[in-house]
2 protein chains.
Amino acid sequence: MSQLNIYPHPKHYVAVDCAIFGYEEGELKILLYPRGFEPSLGKWSLMGGFVQDNESVEVAARRVLMQTTGLREIYLEQVAAFSEPDRDDGARVISIAFVALIPIHKHNKDMVRESGAVWWSVTKLPALIFDHTAMVQKALEGLQHKATNEIIGKELLPSKFTLMQLRNLYEAIFQKAFDPGNFRKKALSFNVLEKLNIKNTTESKKGAYYYKFSILNQQDNKSKFLENK
Amino acid sequence: MSQLNIYPHPKHYVAVDCAIFGYEEGELKILLYPRGFEPSLGKWSLMGGFVQDNESVEVAARRVLMQTTGLREIYLEQVAAFSEPDRDDGARVISIAFVALIPIHKHNKDMVRESGAVWWSVTKLPALIFDHTAMVQKALEGLQHKATNEIIGKELLPSKFTLMQLRNLYEAIFQKAFDPGNFRKKALSFNVLEKLNIKNTTESKKGAYYYKFSILNQQDNKSKFLENK
DNA sequence: CCAAAAGTGTTGCTTGTACACCCATGT
DNA sequence: ACATGGGTGTACAAGCAACACTTTTGG
């Protein structure tokens, strides 16, 4: 069926490009792949792939992510379609950009290393091919939007984490400081975090309790997590 | 160049589908086209079209809108890509959904009538083909999101309007009542509305001043227009 | 006069923000 | 002892929601 050409219109290559975000060492990072050939040798690109006949763009994105990180369960969200006719040097390719969030400590480092990919801090990105810089920009905005409306971290932090680590994640995402006391109170008011009886003593003398996202993570608080300044 | 087949991957039809919103008689409406043939005879669909070789999806959407409404300057925003392999009966088509806002009183009614299109209230939509119901749903969410973050109306209301008309538009978009006094104060606090020296006397005994969107419509107020309940 | 919308004012509550302040502890 | 983060409390301001109240005028 998908082979039929019943419409008198041109067909196009359709690709997916994934902005894969991870959080490590206090920095928000993104996974980039080096381009090993001309044109644009030395430039970096998002991980991408072409959409096949039997798959939706979401399925294609998951396939690409599985192939490169080894992770099957990944948070994935559409960003936008990028479709300028000349955006790709090689041919006309319409690409759907995605945001993917992965727990950076869980992914298969060997698979990533083999592919030549490198984690870059979002604060100092290299030159990217085609319109990938715009894709990253939009993906980051999407991530900020999600982080504004709910408490994120489940997809980026270890299964247990301190409130300081959560705050540092937010500071990395928004590139601004949050008041420790106020952040704590707001985060806890949502009743999605569960306090554990273990303390992390590596990051402070006193030690801070670990928290985890509760299994029933329904937000009690109906409002947004962050306001808009 | 766009004829090249340099990638060993399948190509796909790519379409655009536009959820065209208008506001009339106190109701938010959407423009639908009847399907005149089987399968799905009698069902309605969004206005759509196929993406050609030399155009981006945005350009394709504008072409479609121009062809059906006669309007060139239209607010347009991507919603999402819809790409389930079997979403279209005829062939595999990946479609990018758009929100379009048009001043319903300005569009070319003859062009619309010729095409058989009908304005439907969003509160009582008929059955739609394929996944168009989901597209409308997502488009409406996008419209609500935009209306939450800024004062919309420029694209949907006549050039001059009363604050009651603006409020009624918002009530139609969100399907809920807003307090007249509070709505007025919040709307005016953004300094994007300019009071005219003309009154509308058709909708109230006392008469209400007309307003227009000021040319420099920079929002003074940095916060969102509406809060989130 | 009455109804209905226009327009303004008031009040209480919630929430964000900017802090102060004590606690615990490794160095 | 002291610096550092952990954690709690407080005081002020801003913003929202509810609603009272006055104005205007057509019917």
Side-chain angles (χ1 to χ4, degrees), chain A residues 25-26 147-151 153 157 160-172 174 176-191 193-212 219-229, chain B residues 25-26 147-151 157 160-172 174 176-212 219-229:
Chain A
E25 294 162 6
T148 301
N149 288 296
E150 60 188 289
I151 303 184
L157 292 172
K160 60 180 199 289
F161 51 89
T162 65
L163 290 175
M164 187 201 191
Q165 289 166 349
L166 180 63
R167 177 164 53 84
N168 286 340
L169 168 61
Y170 267 78
E171 294 181 337
F174 289 95
K176 62 172 261 193
F178 292 93
D179 180 279
N182 295 336
F183 185 91
R184 144 185 299 274
K185 275 174 281 186
K186 190 75 195 272
L188 292 178
S189 77
F190 277 71
N191 287 11
L193 301 180
E194 202 171 308
K195 188 180 185 175
L196 304 178
N197 281 320
I198 321 155
K199 277 196 169 188
N200 169 321
T201 50
T202 64
E203 291 179 309
S204 79
K205 331 276 178 161
K206 182 177 176 181
Y209 279 106
Y210 276 119
Y211 285 79
K212 65 166 188 171
Q219 289 196 181
D220 276 19
N221 198 328
K222 277 122 197 162
S223 72
K224 306 207 170 203
F225 179 48
L226 297 178
E227 294 310 304
N228 31 283
K229 275 296 102 55
Chain B
E25 295 162 5
T148 301
N149 288 296
E150 60 187 287
I151 302 184
L157 292 171
K160 61 180 199 291
F161 52 88
T162 64
L163 290 175
M164 187 201 192
Q165 289 166 350
L166 180 63
R167 177 165 52 84
N168 287 340
L169 167 62
Y170 266 79
E171 295 181 336
F174 289 95
K176 61 171 262 193
F178 292 93
D179 180 279
N182 294 337
F183 186 91
R184 144 186 298 275
K185 274 174 280 185
K186 190 75 195 273
L188 293 177
S189 77
F190 277 70
N191 287 13
V192 296
L193 301 180
E194 202 172 308
K195 187 181 184 176
L196 305 177
N197 280 320
I198 322 157
K199 276 197 171 188
N200 169 321
T201 50
T202 64
E203 290 178 311
S204 79
K205 331 278 179 159
K206 184 177 175 182
Y209 279 106
Y210 276 118
Y211 286 78
K212 66 166 186 171
Q219 290 195 182
D220 276 19
N221 197 328
K222 276 124 196 158
S223 72
K224 306 207 166 201
F225 178 46
L226 297 179
E227 294 309 306
N228 28 282
K229 284 295 100 55

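Hydrogens, waters and symmetry mates play no part in the numbers below; they use all other heavy atoms, side chains included. Convention: sequence-line order gives letters A, B, ...; per-chain numbering from 1.
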**Asked** Starting at CD of A:Q165 and ending at P of D:dG7, how long is that distance when rounded to a whole Å?
**Response** 12 Å
**Request:** Would you mind reading off the distance between B:F183 atom CZ and C:dA5 atom P, rounded to a whole angstrom?
**Result:** 16 Å
**Item:** Counterpart residues, side-chain contact (heavy atoms from CB on, under 4.5 Å), relative to B:A208 (two or more places apart)
**Value:** B:T162
**Request:** Report the distance from atom CG of A:L166 to atom P of D:dG7, rounded to the nearest whole Å.
**Result:** 13 Å
**Request:** Check whether any side-chain heavy atom of B:F161 sits under 4.5 Å from a side-chain heavy atom of B:N168, and report yes or no.
**Result:** no
**Letter per nucleotide, 5' to 3', of nucleotides 19-27 of chain D [B base touched, S only sugar-phosphate touched, - untouched; heavy atoms, 4.0 Å]** = B---BBBS-
**Prompt:** CG of B:L188 versus P of C:dT8: gap in Å, rounded?
**Reply:** 8 Å
**Request:** Give the rounded distance in Å between these two atoms: CZ of B:F225 and P of D:dA17.
**Result:** 11 Å
**Contacts of B:Y210 that satisfy side chain to side chain donor-acceptor pair (under 3.5 Å) - sequence neighbours left out** = B:N200
**Fill in**
B:K224 atom NZ is separated from D:dA14 atom C1', nearest whole Å, by 18 Å
**Asked** How would you list, by chain and number, every residue that makes a side chain to side chain donor-acceptor pair (under 3.5 Å) with B:E203, sequence neighbours excluded?
**Response** B:Q165
**Prompt:** Do you know which two heavy atoms are closest between A:F190 and A:I151, and how far apart they sit?
**Reply:** CB-CD1, 3.9 Å
**Request:** Could I get the full list of side chain to side chain donor-acceptor pair (under 3.5 Å) partners for A:Y211, not counting sequence neighbours?
**Result:** none
**Request:** Give the rounded distance in Å between these two atoms: CG of B:L163 and P of C:dA5.
**Result:** 15 Å
**Asked** How long is the gap from NZ on A:K185 to CG on A:L163, to the nearest 0.5 Å?
**Response** 13.0 Å
**Message:** With a 4.0 Å cutoff (strictly under), does any side-chain N or O of A:R184 reach OP1 or OP2 of D:dG6?
**Reply:** no
**Fill in**
In whole angstroms, the gap separating C1' of D:dG6 from CG of A:N200 amounts to 11 Å
**Asked** In chain order, what residues pass the salt bridge (Lys or Arg N to Asp or Glu O under 4.0 Å) check against A:R167, with sequence neighbours excluded?
**Response** A:E171
**Message:** For B:T148, run the side-chain contact (heavy atoms from CB on, under 4.5 Å) check against B:F174, B:F225, B:Y170 and tell me which one passes.
**Reply:** B:F174
**Message:** Please report the end-to-end axis angle for the helix from C:dC1-D:dG27 to C:dT27-D:dA1, five pairs per end, rounded to 10 degrees.
**Reply:** 10°
